[in-house]
2 protein chains.
Amino acid sequence: MIKSGKRSSSAVEDYLERIQELIDSKGYARVVDIALSLGISQASVTNMVKRLDAEGFVKHERYRGLILTDEGRAIARAVIDRHRILTEFLRLLGISESEVERDVEGMEHHLSSSSLGAIESLCRELTSNRELLQKVRSGMK
Amino acid sequence: MIKSGKRSSSAVEDYLERIQELIDSKGYARVVDIALSLGISQASVTNMVKRLDAEGFVKHERYRGLILTDEGRAIARAVIDRHRILTEFLRLLGISESEVERDVEGMEHHLSSSSLGAIESLCRELTSNRELLQKVRSGMK
DNA sequence: TAAAGAAATTAGCCAAGGCTAATTTTTATG
DNA sequence: CATAAAAATTAGCCTTGGCTAATTTCTTTA
Ligand SMILES: [Mn+2]
Ligand SMILES: [Mn+2]
Ligand SMILES: [Mn+2]
Ligand SMILES: [Mn+2]
């Protein structure tokens, strides 16, 4: 029996995604780093961390550190995956880096795993078939 | 000189999209119809209509009707376009209708026109090349 | 080891976008 | 044309997720 897990908001997903990325790259995620890298205030991060703890996505010790629960990590990994695939997809299509970032950061919260799988398959095809890729790229206004 | 027009929220875009669709299909958009078809209360619609009027997206006469301004119509048309292309794209990939609807309704607010053009081109290619489409579809888990 | 500085938290505020209940206005109908 | 029903609005509430300013706790350093 798998617990269903209610849909997380885009904001919650962005926090979990960034927390996991910080842990992957520096080994820990401090409030100040989360704030800096998401471009929001430390106070806002403290509030959200309290919420993420209450909802069981992180374990938080006041004035100390922060770790992800299994559930929080699962959500973070899923978001990071969607981010990665969507980025690969739009880059393949020749979209400018700044537009890729903006589009992906929004779309990553609205992609079912079916759609993700389909786009993944499409990326594989576009990568292995450069002629196709050229054709698609040349068909854009 | 083209007025830049600040980014509209997803909620604003959903309202304008639906208002335009109602006008296209029945000739007018009443508060009660907007509420019914978006699945929200009439009171919430009245509030938003007031906001859309204040921001110049619709012209509203109290207890009377509602029309879109040029700016409102332009936004509505753009959202409807993104909705249509994304729907075509995910359907081509074989995603179930209910997932298509959910994904599209969210993603349509986060797609630059570059990305839209690229996906449009991709749809043309997938439509005219059934062998490619089969290959992509069979590559999905 | 006492300050100073950095990090975290709290308090209090705001806007967006929902809701229900009550009221007002318009429309339809006997 | 009076009244009932439908539509629209208002009033008042709530949650989410931001903000700044003030305060508290931890860490570094002279
Ligand atoms: Mn995001
Ligand atoms: Mn992301
Ligand atoms: Mn939508
Ligand atoms: Mn739509």
Side-chain angles (χ1 to χ4, degrees), chain A residues 5-19 22-23 26-68 72 75-76 79 102 105-106 108-110, chain B residues 5-19 22-23 26-68 72 75-76 79 102 105-106 108-110:
Chain A
K6 324 171 314 295
R7 239 283 263 162
S8 303
S9 72
S10 297
V12 165
E13 289 190 348
D14 280 335
Y15 273 94
L16 294 175
E17 176 187 30
R18 192 53 49 92
I19 289 167
L22 285 167
I23 290 174
K26 355 195 330 181
Y28 52 86
R30 291 177 310 174
V31 167
V32 67
D33 297 322
I34 300 168
L36 256 299
S37 85
L38 286 178
I40 62 191
S41 72
Q42 288 188 30
S44 297
V45 173
T46 294
N47 276 341
M48 180 58 91
V49 164
K50 202 182 309 175
R51 242 188 78 195
L52 294 175
D53 185 299
E55 294 182 14
F57 298 135
V58 307
K59 291 281 285 294
H60 180 226
E61 281 183 90
R62 284 175 29 114
Y63 289 104
R64 294 295 176 175
L66 193 59
I67 59 171
L68 287 162
I75 293 174
V79 179
R102 189 170 44 251
E105 208 45 60
E108 66 185 358
H109 310 291
H110 306 278
Chain B
K6 326 171 312 297
R7 238 283 263 162
S8 303
S9 71
S10 296
V12 165
E13 289 190 347
D14 281 334
Y15 273 94
L16 294 175
E17 177 188 29
R18 191 54 49 93
I19 289 167
L22 285 167
I23 289 173
K26 356 195 333 183
Y28 52 87
R30 291 176 312 173
V31 167
V32 67
D33 297 322
I34 300 168
L36 256 298
S37 84
L38 287 178
I40 61 191
S41 73
Q42 288 188 30
S44 297
V45 173
T46 294
N47 276 343
M48 179 58 92
V49 165
K50 203 182 308 176
R51 243 188 76 196
L52 294 175
D53 185 298
E55 293 180 17
F57 299 136
V58 308
K59 290 281 285 294
H60 179 225
E61 281 183 272
R62 283 173 33 112
Y63 290 104
R64 293 294 176 178
L66 193 60
I67 59 173
L68 287 161
I75 293 174
V79 178
R102 190 170 42 252
E105 208 46 59
E108 67 185 358
H109 310 291
H110 306 279

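In what follows, chains carry the letters A, B, and so on, assigned in the order in which the sequence lines appear, proteins first and then strands, with residues in each chain numbered from 1.
The side chain of B:Ala43 sits closest to D:dA11 out of D:dA11, C:dT10, C:dA8. Across C:dT26, D:dT25, D:dT10, the shortest atom-to-atom separation from the side chain of B:Lys50 is found for D:dT10. Which of C:dA8, D:dG18, D:dC26 sits closest to the side chain of A:Arg64 comes down to D:dC26. Distances were taken from every side-chain heavy atom of A:Val32 (C-beta onward) to each of D:dT10, C:dA8, D:dT20; the shortest belongs to C:dA8. Side-chain atoms of A:Thr46 lie closest to C:dA8 of the nucleotides C:dC19, C:dA8, D:dT10. Nearest nucleotide to the A:Gln42 side chain, out of C:dA7, D:dC19, C:dC19: C:dA7. With C:dT10, C:dA8, C:dG18 as the candidates, the nucleotide lying closest to the side chain of B:Ile40 is C:dG18. Of the candidate nucleotides D:dT20, D:dG18, C:dA7, D:dT20 has the atom lying nearest to any side-chain atom of A:Ser41. Nearest to the side chain of B:Tyr63, among C:dA8, C:dG18, C:dT26, sits C:dT26. Nearest nucleotide to the B:Arg62 side chain, out of D:dT10, C:dA8, C:dT10: D:dT10.
Rounded to whole Å, the distance from CD on A:Glu61 to P on D:dT25 is 16 Å. Distance, A:Met48 CE to D:dC19 C1': 14 Å, rounded to whole Å. Distance A:Lys6 NZ to D:dT16 P: 10 Å, rounded to the nearest Å. As rounded to whole Å, 15 Å separates atom C1' of C:dA16 from atom CD of B:Glu13. Rounded to whole Å, atom P of C:dT9 lies 12 Å from atom CZ of A:Arg30. Whole-Å rounding puts the B:Leu36 CG to D:dA6 P distance at 13 Å. A straight line from OH of A:Tyr28 to C1' of D:dC26 spans 15 Å, rounded to a whole angstrom. Distance CG (B:Asn47) to P (D:dT10): 9 Å, rounded to an integer number of Å.
Residue B:Ala29 comes nearest to B:Leu22 through the heavy atom pair CB-CB, 4.0 Å, listed as atom of the first residue, atom of the second, then distance. In terms of heavy atoms, A:Leu16 sits closest to A:Ala76 at O-CB, 3.5 Å. In terms of heavy-atom proximity, B:Ser10 sits nearest to B:His110 at OG-NE2, 4.1 Å. Looking at every heavy atom in both residues, B:Val58 comes nearest to B:Val49 through CG2-O, 4.0 Å.
Applying the salt bridge (Lys or Arg N to Asp or Glu O under 4.0 Å) test to every pair with at least one member in residues 31-48 of chain B, sequence neighbours left out, gives these pairs: B:Lys26-B:Asp33, B:Arg30-B:Asp33.
Contact check, A:Ser9 against D:dT16: no side-chain N or O comes under 4.0 Å of OP1 or OP2. Between A:Tyr15 and the phosphate of D:dT16, there is no side-chain N or O to OP1/OP2 separation shorter than 4.0 Å.
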